[in-house]
Amino acid sequence: MSGPLYVPVLPTRPHAVGACRRLWPDVRAAIRPLWNLPPLPGAAPETLTSLVGKYVDPVSAASRHGGWIDAPFGEDAQTAALAEALSVYCEWGRLLPVTGPERTEAQQAAAVETARRCLRGLGVRVRVTGEWDDHLGEYVRDLLARTGPEVPVDLLLDMGAVLDGRPDAGKEALRALDALMPLAVWRSAALLGGGFPRVTADMLEDGSCEWSRAEWRMWHEVRATGSAYAPLLGYGDYGVQPSSALAQAPAPGRKGGPPWGVLRYTTDSSYLLFKVLTRGSDRIAVNRSAARRIIELPEFRGAGAGQGEEWVSDCANGPLSTSEGVGGPAEWLRAGNLQHMTYVVRSLPGA
């Protein structure tokens with residue numbers, strides 16, 4: 001069993017695509033993203049092809065080393081149209097279809113059929129957002145039986161949000177893996193978890209806060225068990241957004257938003273969050289000051305560590321006379337993911 005070092009779980013949004021495009025080549029080569037279409041509530045089947053193209057065309061172009069494409073929020077009435085629209089990127093691009101034990105039979109059948117046509121494999125995404133349920137193992141066994149041994153399969157064990165309030169996540173992941181690993185000759189297996197919190201204004205009342213990387217601890221806990229599969233288990237997370245961000249439906253033309261945002265920096269054990277402003281007379285000074293706080297951290301890896309650090313350094317050292325380079329929400333997310341994904345790859349065994 002072999003697979004990518006790192007599986008970031010990403011939305012098919014411009015900031016995430018932009019981050020992947022800007023990664024250094026050696027970092028990009030170690031990554032296979034699990035891309036997620038947003039919910040498209042009420043979208044008619046006849047319009048889904050153009051909608052899917054809007055979101056997946058840039059993703060496909062940025063995924064030269066491969067990855068997976070999933071539509072976890074697709075409505076039942078959209079199943080056939082979504083499967084047909086996504087199959088193009090699986091058959092002619094580098095992306096692989098995804099299904100899971102909780103999906104409808106129609107979605108499972110469509111994903112399996114696409115996998116058979118593209119001849120490159122199928123992602124089996126198993127969600128465990130609480131305690132492991134043995135019935136999930138039975139459902140996965142049935143799904144694999146319908147898939148057949150001729151289709152290569154990748155296990156994507158998705159633990160959802162893994163924060164400090166879920167101390168048993170490692171134990172539940174082990175229970176899941178012990179049940180799932182014997183079910184197939186998995187081509188690869190990755191343990192995914194979202195460790196970034198949903199940021200609120202209260203959290204940043206003092207200008208910054210620190211949040212533990214619980215999903216990183218979970219992965220190390222599983223790796224330390226000595227199980228035969230542990231050394232080969234890939235790592236995955238949701239980047240620098242909470243896992244719930246994937247479920248946000250598009251809101252074209254939406255204006256406004258909060259007057260503040262976040263600069264994010266990843267260390268070995270923590271996420272560091274610094275408040276920045278989206279508007280107001282103090283925006284330039286506050287945002288450059290937040291960036292300076294990052295580059296003055298003992299854990300800061302230097303402007304040469306990656307393009308995320310380079311952006312933060314440029315922001316910190318920019319003049320107060322111009323707003324150029326202080327960014328906005330999309331740029332802050334892009335820079336956060338750049339530094340985070342680069343650091344994760346550099347931190348993993350085998351990098």
Side-chain angles (χ1 to χ4, degrees), residues 4-8 10 15-33 62 65 195-197 199 203-204 206-217 219-220 235-241 261-277 283-351:
L5 281 178
Y6 177 34
V7 180
L10 300 174
H15 68 81
V17 177
C20 284
R21 281 178 169 162
R22 288 169 173 80
L23 289 169
W24 286 345
D26 64 315
V27 176
R28 288 182 68 179
I31 289 177
R32 302 293 184 274
H65 296 285
F196 204 86
V199 184
M203 292 168 60
L204 297 174
D206 295 327
S208 66
C209 69
E210 183 174 358
W211 203 267
S212 173
R213 291 179 66 194
E215 85 293 354
W216 186 236
R217 292 200 312 269
W219 184 76
H220 280 285
Y235 169 77
D237 61 33
Y238 282 66
V240 293
Q241 285 192 287
V262 187
L263 285 183
R264 306 151 173 90
Y265 201 66
T266 306
T267 71
D268 181 60
S269 59
S270 302
Y271 294 116
L272 303 176
L273 291 67
F274 297 86
K275 184 177 181 179
V276 285
L277 301 179
R283 180 171 71 97
I284 298 172
V286 168
N287 294 6
R288 297 208 189 280
S289 175
R292 280 196 299 274
R293 292 181 66 183
I294 292 178
I295 67 172
E296 291 168 358
L297 291 168
E299 299 91 346
F300 185 65
R301 295 177 285 276
Q307 295 204 37
E309 280 86 356
E310 182 181 15
W311 184 91
V312 173
S313 296
D314 288 345
C315 178
N317 295 314
L320 295 178
S321 58
T322 175
S323 63
E324 183 179 354
V326 300
E331 197 163 11
W332 300 330
L333 276 172
R334 184 166 58 246
N337 269 321
L338 275 166
Q339 62 83 25
H340 174 79
M341 290 194 285
T342 300
Y343 180 59
V344 167
V345 169
R346 300 278 188 251
S347 302
L348 288 169

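Not measured: the values here are computed from a predicted model.
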A.B. asks: By side chain to side chain contact (heavy atoms under 4.5 Å, CB included), which residues pair with S270, not counting sequence neighbours?
C.D. replies: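 Side chain to side chain contact (heavy atoms under 4.5 Å, CB included) check on S270 returns E210, T267, L272.
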
A.B. asks: What distance do F274 atom CZ and I294 atom CD1 have between them, rounded to the nearest 0.5 Å?
C.D. replies: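 The distance works out to 5.0 Å.
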
A.B. asks: Go through the structure and list residues passing ring pair (Phe, Tyr, Trp, His ring centres under 6.0 Å) with Y238, not counting sequence neighbours.
C.D. replies: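 If we apply the ring pair (Phe, Tyr, Trp, His ring centres under 6.0 Å) test to Y238, skipping adjacent residues, there are no hits.
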
A.B. asks: Give every residue pair that meets the side-chain hydrogen bond (donor to acceptor under 3.5 Å, both in side chains) criterion with at least one member in residues 288-297, sequence neighbours excluded.
C.D. replies: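 Matches after skipping sequence neighbours: S208-R293.
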
A.B. asks: Name all residues meeting the side chain to side chain contact (heavy atoms under 4.5 Å, CB included) criterion together with H65; count only those two or more places apart in sequence or in a different chain, and write none if there are none.
C.D. replies: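 Here the qualifying residues are R28, A29, R32.
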
A.B. asks: Looking only at heavy atoms, what is the nearest atom pair of A285 and L320, with distance?
C.D. replies: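 That would be CA-CD2, 3.8 Å.
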
A.B. asks: Report the residues that fulfil ring pair (Phe, Tyr, Trp, His ring centres under 6.0 Å) with W216, sequence neighbours left out, ordered by chain and then residue number.
C.D. replies: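 Counting only residues at least two positions away or on another chain, W216 forms a ring pair (Phe, Tyr, Trp, His ring centres under 6.0 Å) with W219, H220, Y235.
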
A.B. asks: Could you report the tightest heavy-atom contact between A30 and V345, atom names first, then the distance?
C.D. replies: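 Result for this residue pair: CB-CG1, 3.8 Å.
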
A.B. asks: Taking salt bridge (charged side-chain N to carboxylate O under 4.0 Å, His left out) as the test, write out the residues that go with D314, two or more places apart.
C.D. replies: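 Testing D314 for salt bridge (charged side-chain N to carboxylate O under 4.0 Å, His left out), a comparison that skips the adjacent residues, returns none.
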
A.B. asks: Could you tell me which residues satisfy side chain to side chain donor-acceptor pair (under 3.5 Å) with T266, sequence neighbours excluded, listed by chain and number?
C.D. replies: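 Listed in chain order: Q339, H340.
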
A.B. asks: Is there any side-chain hydrogen bond (donor to acceptor under 3.5 Å, both in side chains) pair reaching into residues 318-338, and which pairs are they, with sequence neighbours excluded?
C.D. replies: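 Qualifying pairs: W311-E331.
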
A.B. asks: If you compare all heavy atoms of N287 against all heavy atoms of C315, which two are closest, and at what distance to 0.1 Å?
C.D. replies: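 Taking N287 first and C315 second, the nearest heavy atoms are O-SG, 4.0 Å.
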
A.B. asks: Does Y265 have any ring pair (Phe, Tyr, Trp, His ring centres under 6.0 Å) partners at least two apart in sequence or in another chain, and if so, which?
C.D. replies: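 In terms of ring pair (Phe, Tyr, Trp, His ring centres under 6.0 Å), with neighbours along the sequence ignored, Y265 is linked to F300.
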
A.B. asks: For R217, give me all partners under salt bridge (charged side-chain N to carboxylate O under 4.0 Å, His left out), at least two apart in sequence or on another chain.
C.D. replies: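 Expected list: D164.
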
A.B. asks: Measure from the side-chain N and O atoms of E215 to the backbone N and O of D237, and report whether any donor-acceptor pair falls under 3.5 Å.
C.D. replies: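 Such a contact is absent between E215 side chain and D237 backbone.
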
A.B. asks: Looking at L23 and T342, what are the two nearest heavy atoms and their distance?
C.D. replies: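 Between these two residues, the closest heavy atoms are CD2-OG1, 3.5 Å.
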
A.B. asks: Please report the closest heavy-atom contact between V276 and A290, naming both atoms and the distance.
C.D. replies: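 Answer, listing the atom of V276 first, then A290: CG1-CB, 3.7 Å.
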
A.B. asks: Please find the pair of heavy atoms, one from P33 and one from L10, that lie closest to each other, and give the distance.
C.D. replies: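 Smallest heavy-atom distance, with atoms named: CB-CD1, 4.1 Å.
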
A.B. asks: Are side-chain heavy atoms of I31 and P4 found at a separation under 4.5 Å?
C.D. replies: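 In short, these two side chains do not touch, never coming nearer than 4.5 Å.
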
A.B. asks: Quick one: are E310 and R22 in side-chain contact, heavy atoms under 4.5 Å?
C.D. replies: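 Result no, sub-4.5 Å side-chain heavy-atom pair not found.
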
A.B. asks: My understanding is that only residues two or more places apart in sequence, or in another chain, count here; which of them pass salt bridge (charged side-chain N to carboxylate O under 4.0 Å, His left out) with R301?
C.D. replies: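 Checked R301 against salt bridge (charged side-chain N to carboxylate O under 4.0 Å, His left out); matches are E309.
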
A.B. asks: Does anything in residues 264-275 form a salt bridge (Lys or Arg N to Asp or Glu O under 4.0 Å)? List the pairs, not counting sequence neighbours.
C.D. replies: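 Qualifying pairs, neighbours excluded: none.
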
A.B. asks: When you compare the side chain of H15 with that of P329, does any pair of heavy atoms fall below 4.5 Å?
C.D. replies: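 The answer is no, as the side chains (C-beta and beyond) never meet within the 4.5 Å cut-off.
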
